[in-house]
Amino acid sequence: NPRHAVDPAKRFAKLAPASAVANAGLRWGEDFGRVAYESREVDAATRSASPLTGEPPAEPPPHGSVVPVPSRRACLACGRLVHYDPPRGACPVCAPAAPAVRTRAAPRIACVMQLRNEAYWLPGCLDHLRGHVDAIVALDDGSTDATASLLAREPAVADVLSNPASAGHVWRERDNKRRLVERAHVLGFDWVLCCDADERYESALLANLRSIASTFRPGGVVSIVVALKELWDSPRHYRQDGAWGTKTRARFFQVPERVAYDLDSDLHGQWYPDHLRKYGRHVPMDLRLYHLKSIRREDRIRRRDFYNAIDPQRRFQPAGYDYLADEPADRVVEPIGAGREYDYATLPEDLRG
């Protein structure tokens, strides 16, 4: 429409005038060293009194000072802001009748585990988790060894789900994960940490588990991603070449209101539910999860043969499973460095030496 045509030259002249329209003569836009107001030079005696109170106005803050601002930290009883009171101290107005301040409740953390015939690895795994999580919720997937009795006598276990033992056992990982995380939600847990019996978390991760969870707002959609290190020929060394050095796992996440795994696969899926898959924020952290069942060569071969047997068509892992026991001459194995250890005392006795 010609009536709305814009002349670029006129627009530029309006937006970028050659000379200042306001503040003429003050080198507008050039002189940034001029001090408009210097509080140290104000003489309080020359300031006029307030017409309302008859008192001189308040002193301006000292030059360069930080001016405190109100916060929303308030007494639970009277609502008075207690920002300047000692942290977590009692409200001086209505103490001791009321709690001191409104604070966020610490998130409740459960560890969820699906287990089948893990009596060899399980005692140490429970030991390394104890005291770092509020409870353990486990699923016994038809074990025929002592797994069930070990769970029954562990005081940290809040609940045990179970599948019946059967001769032709079929792994239903997706359903197992759904049931475990649903149960954690019903029991009122805010975060879940997922762990297999043959895994150990880095001690630094477990020590900071609660502070990590408290960093994020309640009811969020967050999962923490850590590095997976496959231990190799020694409980203190891990394989680092090729794919071995890039493995990660999202095993610590906030529990959503609705737990579903419709988008997950039946084998080699993710622990976090669909809601986190679609809307979640995945936060990588320089922390580790160590896998113990790769330490001994015979265990690596057994693991390779097991997955080849249950997934012969490689439907769930197109690259296959032969690499699990492959040992090229140029493989890279590195020691666990200082400060990156897990609790070695939780290893089975025959691996501690």
Side-chain angles (χ1 to χ4, degrees), residues 103-114 125 128-137 173-174 176-178 180-196 198-231 238-240 242-265 268-292 334 336-343:
T103 55
R104 180 187 298 176
R108 298 187 68 226
I109 302 171
C111 179
V112 295
M113 312 175 71
Q114 57 174 334
C125 188
H128 107 287
L129 293 167
R130 195 179 298 115
H132 296 292
V133 296
D134 293 298
I136 295 169
V137 179
E173 288 188 357
R174 180 165 59 177
N176 291 347
K177 290 182 288 190
R178 179 189 57 77
L180 281 166
V181 179
E182 269 186 352
R183 187 57 181 156
H185 178 254
V186 169
L187 293 175
F189 292 100
D190 306 297
W191 286 71
V192 293
L193 178 75
C194 311
C195 190
D196 292 342
D198 60 344
E199 294 174 337
R200 301 291 184 270
Y201 280 99
E202 181 180 354
S203 297
L205 186 152
L206 293 175
N208 291 284
L209 205 59
R210 297 183 191 278
S211 61
I212 292 172
S214 298
T215 301
F216 303 94
R217 66 177 179 83
V221 190
V222 172
S223 62
I224 304 302
V225 181
V226 300
L228 174 66
K229 300 300 182 185
E230 306 265 4
L231 300 179
Y238 58 90
R239 180 98 176 253
Q240 189 64 6
W244 302 94
T246 61
K247 294 185 179 185
T248 60
R249 295 292 184 270
R251 294 289 196 85
F252 186 41
F253 54 84
Q254 290 175 299
V255 182
E257 286 297 320
R258 179 178 178 272
V259 178
Y261 284 85
D262 298 331
L263 303 177
D264 202 34
S265 61
H268 306 312
Q270 300 292 340
W271 261 102
Y272 51 85
D274 292 350
H275 189 67
L276 277 87
R277 184 186 295 268
K278 292 190 290 186
Y279 310 112
R281 175 185 169 200
H282 301 282
V283 181
M285 290 192 173
D286 184 22
L287 295 165
R288 295 176 179 174
L289 171 64
Y290 294 103
H291 182 224
L292 277 57
E334 297 184 357
I336 297 174
R340 308 309 303 262
E341 303 93 342
Y342 62 96
D343 188 352

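Keep in mind the model is a prediction, meaning the values are calculated, not measured. Numbers here are sequence positions counted from 1. Worth knowing before you read on, the calculation uses all heavy atoms, side chains too, and leaves out hydrogens, waters and symmetry mates.
Judged as a salt bridge (Lys or Arg N to Asp or Glu O under 4.0 Å), the pairs with a partner in residues 268-278 (not counting sequence neighbours) are, in order, Asp264-Arg277.
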Subject >> Steps toward salt bridge (charged side-chain N to carboxylate O under 4.0 Å, His left out) verdict (Arg210, Asp134) >> reply: CA-CA 10 Å; Arg210 297 183 191 278; Asp134 293 298; 3.1 Å; yes

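In this structure the side chain of Val112 never reaches within 4.5 angstrom of the side chain of Phe189, judged on heavy atoms. Side-chain contact between Tyr201 and Leu209 is absent, with no heavy-atom pair separated by less than 4.5 Å. The closest side-chain heavy-atom distance from Tyr272 to Val225 is not below 4.5 Å. Residues Ile336 and Leu231 meet the side-chain proximity criterion, which asks for heavy atoms closer than 4.5 Å. Counting heavy atoms from C-beta outward, Phe216 and Pro107 have side chains that stay 4.5 Å or more apart. For the pair Asp190 and Arg108, the minimum side-chain heavy-atom distance is below 4.5 Å.
Contact detail for Glu199 and Cys125: the closest heavy-atom pair is O-SG, 3.9 Å. The heavy-atom pair separating Leu276 from His282 by the smallest distance is O-NE2, 3.6 Å. Between Ala250 and Trp271, the shortest heavy-atom distance links the atoms O-CB, 4.2 Å. In terms of heavy atoms, Val137 sits closest to Arg183 at CG1-CG, 4.0 Å. Pairing each heavy atom of Tyr261 with each of Arg174, the nearest pair is O-CD, 2.8 Å. Taking all atoms of both residues into account, the shortest heavy-atom contact from Ser211 to Asn208 is OG-O, 2.9 Å.
Of the possible polar contacts, one joining the Gln254 side chain to the Val221 backbone as a donor-acceptor pair under 3.5 Å is found. Under a 3.5 Å cut-off, the side chain of Lys177 and the backbone N or O of Gln270 do form a donor-acceptor pair. In this structure, Glu341 contributes its side chain and Gly339 its backbone to a donor-acceptor pair below 3.5 Å.
The CZ atom of Arg239 sits 9.0 Å away from the NZ atom of Lys247 when rounded to the nearest 0.5 Å. Met113 contributes atom CE, which lies 6.0 Å from atom CG of Leu129 (distance to the nearest 0.5 angstrom). Rounding to the nearest 0.5 Å places CD1 of Ile136 at 5.5 Å from SG of Cys111. A distance of 5.0 Å separates CG in Leu292 from CZ in Arg200, rounded to the nearest 0.5 Å. Taking CD1 of Ile109 as the start and NE2 of His132 as the end, the distance is 11.0 Å to the nearest 0.5 Å. Atom-to-atom distance recorded for Ile224:CD1 and Arg251:CZ is 14.0 Å, nearest 0.5 angstrom.
For Phe252, the ring-ring contact (aromatic ring centres under 6.0 Å, His included) partners are Trp191, not counting sequence neighbours. Qualifying ring-ring contact (aromatic ring centres under 6.0 Å, His included) partners for His275, counting only residues two or more places apart in sequence or in other chains: Tyr279.
A salt bridge is defined here as a Lys NZ or Arg NE, NH1 or NH2 lying under 4.0 Å from an Asp or Glu carboxylate O, and Asp286 with Arg340 meets this definition.
Side chain to side chain, Tyr290 and Glu202 fail the donor-acceptor criterion of an N or O pair below 3.5 Å.
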